[in-house]
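Heads up, the thing below is written out as structure tokens.
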Amino acid sequence: MAERYDPVAVETKWQKRWDETRLNNVDIDGAANPFYNLMMYPYPSAEGLHVGNVYAFTGADIHGRFKQLQGNDVFEPIGFDAFGIHSENFALERRTHPMELIPSNIANFTRQLKRMGFMYDWDRVVDVTQPEYYKWTQWIFLQLYKAGLAERRQAPVNWCPSCKTVLANEQVIDGRCERCSSEVTQRFLDQWFFKITDFAQRLLDNLEWIDWSDSTKRLQRNWIGRSDGADIDFEIVGHSDKKLRVFTTRPDTLFGATFMVLAPEHPYMQEITTDEHRSEVESYVRNALAMDLVERRKAGEERQKTGVDTGAKAINPVTDEEISIWVADYVLMEYGHGAIMGVPAHDERDFEFATQYDLPIRIVVIPADQYEGFDPDADLEAAFTEHTEDEVLVNSGKFDGVPAAQAIKEITDWLASQGRGEHAVNYRIHDWCISRQRYWGPPIPVIHCEKDGAVPVPEEDLPVVLPHVENFRPDESGIGPLARDPEFLNVECPKCGGPAKRETDVSDTFLDSGWYFMRYPSTDRHDVPFDANRTKKWLPVDMYIGGEEHAVLHLMYSRFLTMALHDLGHLPFEEPYEKFRKHGLIIREGAKMSKSRGNVVIPDEYVEQYGADTFRTYLMFLGPYEEGGDFREQGITGIARFFDRVWDAANGELGDGPPETEEIEQKLHATIKKVTEDIASLQYNTAIAAMMEYLNIARASGRAARRSEIEPLVVMIAPFAPHLAEELWQHLGHGDSIFTGTNWPAYDPKLAVADEVDIAVQVNGRLRATISVPRGASEDEVKEKALAEDGVQRHMDGKQIRKVIFVPDRLINIVVG
RNA sequence: GCGAAAGUGGCGGAAUCGGUAGACGCGCCAGCCUUAGGAGCUGGUGGCCACCCGGCCGUGGGGGUUCGAGUCCCCCCUUUCGCACCA
């Protein structure tokens, strides 16, 4: 072996050998101990692999290699998320075509990924832009369509004026397009929706048991946004055939409902508005609908509430009072029933609205301690929204004095018994709009016939191949570029044979990524999307590691698709990822990395200078993997030095026999324990620190190490620095790859703890000495030894011992006074 | 506004069923070595005082519980993330 560690030479050698021996190509049908280690496949950008990709993949690869070393058959696939607006916009900008751009990007990514030494099975790559893949994406659309889970409907949708396409709710961040940050506007268009809302409760319920990062679960819970409350019907004066249904989470405040408000889109608007108010209402509604989404959604302080009286009246079902019905754009048609009961005393928005238009305010909930002698006509300065056991109802007839939390249920039950309302649940999540008026995606497999309407493409006709369209630039029309290809557009209706037109929208790229992990084990199967036996063997995914930015996008959508396919009998499980861990974000010198700042870390440069192993390990050393870290130029030398020392230690004259001293042996076992536990829980930074610490002890005073001291260390660095570990493993006389067989070292728990322990000696809680005693020493022994210490005696100052606190093997505190 | 997480040396970060704060690494300082280099090795490195033993202070700020608090409780400040007129 070379005298000095030359990372690039070592890495070149082993990457070639892994390829030749097919080390990472798993036996997909025969593996005895399958472990599916998944990472979020990248979008292959023209800029090449980003350090964020490397960070994500390294952490996942370490976990996979660790499992491999423990004897699992690890399947670690990779693919390319190459459809979508991102690629398409880039191609437009560069005046090229995605069909030319993408293959070269993928080739570049492949080169870079191979150079990093990830243990990918390169025989099972998924490229979602290949017809053999998107054929099955279209097939999934057809399955959902057949099951009634895909439907075309006209709805207000988010329109990005720059990308010139509609977007799903999840793709709108703060009212802006997640891709280009343009302000999103609202359009009414015919779009395809997947009915993810049908699964809202299951998506929520399963979060109870799936093993995911808590923060990711929380994001999903918030996005699903379950609210419990009641639907309540209000009669409309003069329209006995119609009732106004509202949803409220606060049925306890029903006696305080002094007006109602409809969303501008509410279907009853026309009919109930009185002639006297008609022109005012119509102009208000026209105005509201013309306003774009962002402006309209500006809340509270940013924009004053506006609204107009419709002149119509409703009856409060509990007070029998006539209350006025207003229209206001702060009420949203998409949520609940597009109408609310206005309870100004106990809702901040209603309070603001009532104050503005001088509507009556009636207090019906007050703190319990103000119940006696409460003045029903007291003025309110702001809405009072508390509603626990400590608040009680007033002005509420027979419910006076009932705690608010309890009244929610009682009033709901009472309304239900009279057929005027019922317990109800609402969700914030919307159906998933999958249509995109763009080019670079799988065509939605539907044909529109004048006679038969929307007809699904027969399965045997899949794939509907995406044609090469020269001018794929999107426009304002709301019609996708595929409409420009007459050969694609004009077809026969599969049902009646008459002239028909293809659907020209393509599907959202999140549909591609919603099922890619199901395809990996079956990439060589062209007759089915996923082979049943392999699916049973490998899925659900054992470990999924990725960024949290996909919590409500990819992760939500793929859970939904998995559930739907499960219900349709295609999958034996309903949750795709048994275990998911988010990784943190990596910043540089305390600042976010961005092209405009010019501080982006280019992985290639570091890999060339220090090697992939050092770069990988440094990234993992920056901070806790699940929290991210701060990339600092200089720090990487610390890892380079560590590996130099590992190399030197293994390269020297190695002695035989067990570890030379008890101290080294103890430290070795403690280190194996710590590294094993830390890797299992993704605490890579402390695992690396522990290995450094161990090496510092094992090679203290420049002694020659023994094989028994070094070999376990070589295995422990293998997940981080696979090439280096292979080279050293070979040097130590092993024929096979270190990743063949089960080489992860075991530790003896008895040896992992020291025989002698240092105990802190405190006097009145302040550290005064440290003594060394045998592990498990009794309180009396420790006390005797502690009292003999000079420092202890001095601080006791001859005073009486009042109390002794003893924590075995840790601390003794002598309280005097 | 609501929800969540986090504030520790010059820097990245260790340590939370309450028990020696600052592991590991970067940087810095001193010394050694040397085909004098941005290499390697050894030692030191929270602050203040003493600078020999040692002492006091110290985990965003202020209170509290405790023999003992970075860790638990209350109030406040700051930062980051998510949601945001969701009734």
Side-chain angles (χ1 to χ4, degrees), chain A residues 4 173-175 214-215 218-219 221-223 225-227 229 246-250 253 261 263 296-303 305 328-332 334-343 346-350 352-353 426-430 548-549 551-552 585 587 589-590 592 618 621-624 627-639 641-642 644-645 648 683 685-696 700-702 758-770 790-791 794-795 802-817:
Chain A
R4 291 190 58 89
I173 314 290
D174 283 335
D214 286 337
S215 56
R218 194 159 44 235
L219 289 172
R221 262 189 211 109
N222 291 344
W223 189 259
R226 178 186 160 117
S227 293
V246 303
F247 173 72
T248 178
T249 54
R250 297 290 309 279
T253 65
V261 189
R296 191 176 152 187
R297 292 245 168 125
K298 272 188 186 156
E301 303 132 40
E302 285 185 67
R303 193 165 73 87
K305 289 195 172 30
D329 65 5
Y330 81 91
V331 175
L332 309 173
E334 312 89 89
Y335 191 76
H337 308 289
I340 61 155
M341 62 181 202
V343 185
H346 305 293
D347 181 281
E348 284 164 13
R349 299 151 298 180
D350 296 346
E352 192 192 331
F353 192 72
N426 257 277
Y427 301 92
R428 219 187 58 100
I429 193 172
H430 287 48
E548 199 165 39
E549 67 275 15
V552 299
L585 297 177
I587 58 173
E589 315 274 340
K592 263 187 193 160
Y618 178 56
F621 189 58
L622 292 177
E627 281 159 47
D630 190 356
F631 190 95
R632 289 177 177 267
E633 204 70 28
Q634 283 176 322
I636 195 167
T637 59
I639 301 295
R641 286 173 193 163
F642 172 54
D644 278 338
R645 289 195 284 263
D648 291 344
Q683 289 166 291
N685 57 331
T686 49
I688 295 164
M691 290 189 281
M692 288 173 165
E693 218 177 315
Y694 169 67
L695 186 66
N696 288 345
S701 56
D758 288 336
I759 287 196
V761 182
Q762 296 180 337
V763 178
N764 285 348
R766 310 195 62 127
L767 183 71
R768 297 305 178 188
T770 309
D790 278 352
R794 194 169 50 238
H795 288 280
R802 287 209 313 210
K803 196 172 173 187
V804 173
I805 286 112
F806 177 64
V807 183
D809 297 333
R810 297 215 76 141
L811 162 146
I812 186 163
N813 186 11
I814 297 159
V815 185
V816 298

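Naming: A, B, ... by sequence-line order, numbering from 1 per chain.
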Rounded distance in Å - [atom1] ([X]) to [atom2] ([N]):
| X | N | atom1 | atom2 | answer |
| --- | --- | --- | --- | --- |
| A:E548 | B:A5 | CD | C1' | 10 Å |
| A:H430 | B:C83 | NE2 | C1' | 14 Å |
| A:E352 | B:G1 | CD | C1' | 12 Å |
| A:L219 | B:A84 | CG | C1' | 14 Å |
| A:I587 | B:U79 | CD1 | P | 16 Å |
| A:Y618 | B:G25 | OH | C1' | 9 Å |
| A:R794 | B:C53 | CZ | P | 12 Å |
| A:D758 | B:A21 | CG | P | 13 Å |

Open item on the list: Within 90° of 0 counts as syn, otherwise anti: where does B:G9 fall?
Closed with: syn
Indicate whether OP1 or OP2 belonging to [N] is found under 4.0 Å from a side-chain N or O atom of [X].
| X | N | value |
| --- | --- | --- |
| A:K592 | B:U79 | no |
| A:R766 | B:C57 | yes |
| A:R768 | B:G55 | yes |

Checking contacts here: which listed nucleotide ([options]) is nearest the side-chain heavy atoms of [X]?
| X | options | answer |
| --- | --- | --- |
| A:L332 | B:G55, B:A87, B:G25 | B:A87 |
| A:R428 | B:A5, B:A84, B:C85 | B:A84 |
| A:W223 | B:C81, B:U20, B:C83 | B:C83 |
| A:R218 | B:G55, B:A87, B:A4 | B:A4 |

- [ ] Specify whether A:Y330 and A:F353 have parallel, tilted or perpendicular ring planes, treating 30° as the upper limit for parallel and 60° as the lower limit for perpendicular.
- [x] tilted
- [ ] Would you indicate whether the side-chain heavy atoms of A:I639 and A:I688 approach each other to under 4.5 Å?
- [x] yes
Task: 5′-ward residue of the pair A:D350/A:D644 relative to RNA chain B - done: A:D644
Task: A:Q683 or A:S227, whichever maps to the more 5' nucleotide of RNA chain B - done: A:Q683
Look at all strands and tell whether [X] reaches a base, only sugar-phosphate, or nothing, counting heavy atoms closer than 4.0 Å.
| X | value |
| --- | --- |
| A:I340 | base |
| A:V552 | nothing |
| A:R802 | nothing |
| A:H795 | sugar-phosphate |
| A:R810 | sugar-phosphate |
| A:R226 | nothing |

Separation between the [atom1] atoms of [N] and [M], rounded to whole Å:
| N | M | atom1 | value |
| --- | --- | --- | --- |
| B:U78 | B:G13 | P | 22 Å |
| B:G22 | B:C75 | P | 32 Å |
| B:C52 | B:U65 | P | 41 Å |
| B:U16 | B:C72 | C1' | 10 Å |
| B:G9 | B:G46 | P | 13 Å |
| B:G18 | B:A69 | P | 13 Å |
| B:G63 | B:C56 | C1' | 23 Å |
| B:C11 | B:G1 | C1' | 36 Å |

Show me the protein contacts with nucleotides 27-30 of chain B, counting only N or O atoms at under 3.5 Å.
none

Task: Residue list, ring-ring contact (aromatic ring centres under 6.0 Å, His included) with A:F247, at least two apart or on another chain - done: none
Task: Nearest heavy atoms of A:R632 and A:Y618, plus distance in Å - done: O-OH, 2.8 Å
Task: Nearest non-hydrogen partners of A:R250 and A:M341, listed with the distance - done: O-CE, 3.8 Å
Kindly give the atom pairs (protein nitrogen or oxygen, nucleotide nitrogen or oxygen) under 3.5 Å for nucleotides 66-68 of chain B.
unit_1: B:C67; atom_1: OP1; unit_2: A:K803; atom_2: NZ; d: 3.4
unit_1: B:C67; atom_1: O2'; unit_2: A:N813; atom_2: ND2; d: 3.4
unit_1: B:C67; atom_1: O2; unit_2: A:N813; atom_2: ND2; d: 2.3

Open item on the list: For the CD atom of A:E348 and the CG atom of A:D350, what is their distance to the nearest 0.5 Å?
Closed with: 10.0 Å
Which protein N or O atoms sit under 3.5 Å from an N or O of nucleotides 43-45 of chain B?
none

Open item on the list: Can a donor-acceptor pair be found, under 3.5 Å and without considering hydrogens, that links the side chain of A:D630 to the backbone of A:L622?
Closed with: no
Atom pairs, protein N/O to nucleotides 11-14 of chain B N/O, distance under 3.5 Å:
unit_1: B:C11; atom_1: O2'; unit_2: A:R632; atom_2: NE; d: 3.2
unit_1: B:C11; atom_1: O2'; unit_2: A:R632; atom_2: NH1; d: 3.3
unit_1: B:G12; atom_1: O2'; unit_2: A:L622; atom_2: O; d: 2.8
unit_1: B:A14; atom_1: OP1; unit_2: A:N685; atom_2: ND2; d: 2.9

TODO: Could you tell me which residues satisfy side-chain hydrogen bond (donor to acceptor under 3.5 Å, both in side chains) with A:S227, sequence neighbours excluded, listed by chain and number?
DONE: A:Y335
